[in-house]
Amino acid sequence: MGSKGKMTDYERRRLENIQRNNEMLAALKVHSKLNDLSAASASASAKRTSGEIKSYKPGSAKKPKIETPLVLRRSLRARGVPPDASTANGLDDDGVIDKQINKSRTMNSNSVPSVSPRKQGPIRMHDSFCGEDGLENKLSELVKGCSENVLLNGNGLISSDSVDVIKGCKSFKIGKKSWGRVEELELKPENIARVVPGRIMSLRFFPTRDMQMVAVGNKFGDIGFWHVNGKDEDGAEIYLYHPHAGPVSGIVIDPFSVSKMYSSCYEGFIRMMSMEKGVFDMVYHSEYCIYSIALSPHDVNSLYFGEGKGGFNKWDVRTGKSSLSCDLHGDRINTIDFNTDTENIMATSSTDGTACIWDLRLMKKEKTTPLKIIKHKRAVHSAYFSPSGKFLATTSYDDKVGLTSGANYESTSMVHHYNQTGRWISTFRGIWGWDDSSIYVGNMKRGVDVISVDEGRLVSTLQSDILSAIPCRFDPHPYNVGVLASATSGGQVYIWTQP
DNA sequence: CGATTGGTTATGATA
DNA sequence: TATCATCCACCAATCG
């Protein structure tokens with residue numbers, strides 16, 4: 001792949017150093033956290049109070065089986081980087097790493113995945129599992145037990161099995177069905193859990209009616225699964241895996257085959273977790289960061305993802321080949337979204353300050369002109385089509401939520417909304433619920449703001465005493481209207497429900 | 001223009 | 001309860 005303005009060698013090297021360090025640190029951190037927690041939970045289990053928040057349970061019985069070094073270095077030479085390139089920065093970093101490797105070897109590290117997620121090729125789920133012995137296969141069994149709930153004809157068009165379901169993929173949006181007022185969504189103590197350690201970057205419900213399961217990806221490359229209605233002795237059913245070596249930028253699940261889950265990572269990998277095969281398969285590998293990923297509702301055999309500084313890729317999963325690679329933006333692409341109503345229409349949002357609407361049929365390798373450009377004054381963190389496809393909601397660091405409408409998306413209005421998430425909170429993304437009526441977006445004062453489309457303003461804020469951090473990432477349940485998952489920078493997931 | 005630095009912000013662990 | 005370490009977002013300012 002060319003160097004067309006995606007990232008300089010220097011940036012890449014620097015990022016790699018940082019990534020390498022953080023992988024190490026993250027591994028250590030997870031070790032120590034796991035150890036601490038297993039100690040804590042051991043003592044706490046005796047006097048466990050009912051008010052405690054559910055949390056992932058690190059395995060305590062699993063044998064440490066670290067054979068391979070945790071850090072797999074990629075040769076600089078192999079990538080054409082001069083050998084002296086890793087001077088000041090690199091050497092310092094390496095010094096730190098080596099010390100910590102020594103330290104880590106003296107640690108009693110239980111329940112640590114035996115493979116480095118940076119390794120190419122498939123990773124067995126068993127090897128990246130971070131839970132108790134004996135539970136490695138439970139998640140697969142659960143997911144494989146879900147029925148296939150959607151029929152697909154030869155053209156990739158969906159014929160729904162229920163009047164509730166309209167076309168969709170990233171989630172099956174429910175049509176015009178009326179439902180309770182959004183202000184009435186409530187938070188119950190049993191619908192709170194700490195699913196992963198650290199900051200959550202991505203969150204997704206499994207698109208099935210058979211159970212409520214969320215998958216979340218964090219900054220350390222962990223993916224945690226929470227079976228919300230599941231029960232085990234502690235009341236939480238959480239499965240933690242470590243398939244990536246860096247922040248998990250996106251998760252998408254094949255709606256026609258829920259045992260296929262794709263995840264993208266800043267480290268440049270896209271993996272597909274196959275419950276059937278029991279592996280995190282490697283689908284794609286890049287030397288650039290992958291910042292966003294999406295599945296097309298009209299063709300689930302193509303993955304679309306944002307790579308490096310503005311790069312965009314369409315990847316054919318079956319042939320394992322790129323079917324389109326081009327530059328769409330001047331900076332990272334934060335989200336990719338498809339219009340579920342109109343085939344071939346796609347929206348991207350970018351840190352370059354714009355969101356764009358594209359016609360996939362008009363896209364080509366060289367410069368493609370978008371159908372529409374929505375301009376913000378700062379980075380745009382999301383651009384999502386409404387369930388009907390009539391609106392596009394954009395969320396930007398310029399403290400605006402944009403609402404674009406019209407037959408050709410010709411009119412845009414802006415609603416003020418404070419979006420200064422700073423460095424520690426994942427950026428806000430205004431999402432749609434189950435109809436075109438409102439947009440949900442995080443609030444720095446620990447709430448969920450609801451913007452009414454009709455009124456063009458903020459109409460309410462969901463709040464709760466038991467919401468103890470800022471909800472920054474959301475996913476509405478694709479089938480269960482009024483079930484909204486929210487995630488925080490502390491690894492917690494809160495699920496709002498209708499009374 | 002590319003590189004670099006500094007400022008901002010919330011959370012969970014810890015003392 | 002207060003303090004500390006975090007450091008993968010973004011922007012403004014500065015230097016070469």
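- Here the P atom of nucleotide dC8(C) and the CZ atom of Arg473(A) are 13 Å apart, to the nearest Å.
- Put simply, NE2 on His376(A) is 19 Å from P on dA9(C), counting in whole angstrom units.
- Between the OH atom of Tyr291(A) and the C1' atom of dC8(C) there is a distance of 7 Å, rounded to whole Å.
- For Arg199(A), counting side-chain heavy atoms from C-beta on, the closest listed nucleotide (dA9(C), dC11(C), dT6(C)) is dA9(C).
- A sub-4.0 Å separation between OP1 or OP2 of dC11(C) and a side-chain N or O of Lys377(A) is absent.
- Residue Gln492(A) places no side-chain N or O under 4.0 Å from the OP1 or OP2 atom of dT11(B).
- For Glu267(A) and dC8(C), the CD to P distance is 13 Å, given to the nearest whole Å.
- For the pair Trp424(A) and dT6(C), the ring geometry qualifies as stacking, because the centroid separation is below 5.5 Å while the planes lie within an angle under 30°.
- Side chain of Arg124(A) to main chain of Phe280(A): no donor-acceptor pair is present (N/O by atom type, distance under 3.5 Å, no hydrogens or angles).
- Aromatic pair Phe385(A)/Phe338(A): centroids not less than 6.0 angstrom apart.
- The distance from atom OH of Tyr397(A) to atom P of dA12(C) is 11 Å, rounded to the nearest whole Å.
- Of the candidate nucleotides dC7(C), dA9(C), dT11(B), dA9(C) has the atom lying nearest to any side-chain atom of Arg332(A).
- Between Thr351(A) and the phosphate of dC10(C), there is a side-chain N or O to OP1/OP2 separation shorter than 4.0 Å.
- Checking the phosphate oxygens (OP1, OP2) of dA9(C), no side-chain nitrogen or oxygen of Arg429(A) falls inside 4.0 Å.
- Atom CD1 of Ile200(A) and atom C1' of dC8(C) are 17 Å apart (whole Å).
- Closest contact between the side chain of His381(A) and the listed nucleotides dC7(C), dC11(C), dA9(C) involves dA9(C).
- In terms of phosphate contacts, Arg423(A) brings no side-chain nitrogen or oxygen within less than 4.0 Å of OP1 or OP2 of dT11(B).
- In this structure, the CD1 atom of Ile333(A) is 13 Å from the P atom of dC10(C), given to the nearest Å.
- If you take CE of Met444(A) and C1' of dT9(B), they are 6 Å apart, rounded to a whole angstrom.
- OP1 or OP2 of dG12(B) has at least one side-chain nitrogen or oxygen of Arg194(A) nearer than 4.0 Å.
- Residue Arg446(A) places at least one side-chain N or O under 4.0 Å from the OP1 or OP2 atom of dT11(B).
- Between Asn339(A) and Tyr409(A), some side-chain heavy-atom pair lies under the 4.5 Å cut-off.
- With Phe305(A) as the fixed residue, the ring pair (Phe, Tyr, Trp, His ring centres under 6.0 Å) test singles out one of Tyr284(A), Tyr291(A), Tyr288(A): Tyr284(A).
- Comparing dC10(C), dC8(C), dT11(B) against the side chain of Lys219(A) picks out dC8(C) as the nearest.
- Scored by the side chain to side chain donor-acceptor pair (under 3.5 Å) test, Ser489(A) finds no partners at all (sequence neighbours excluded).
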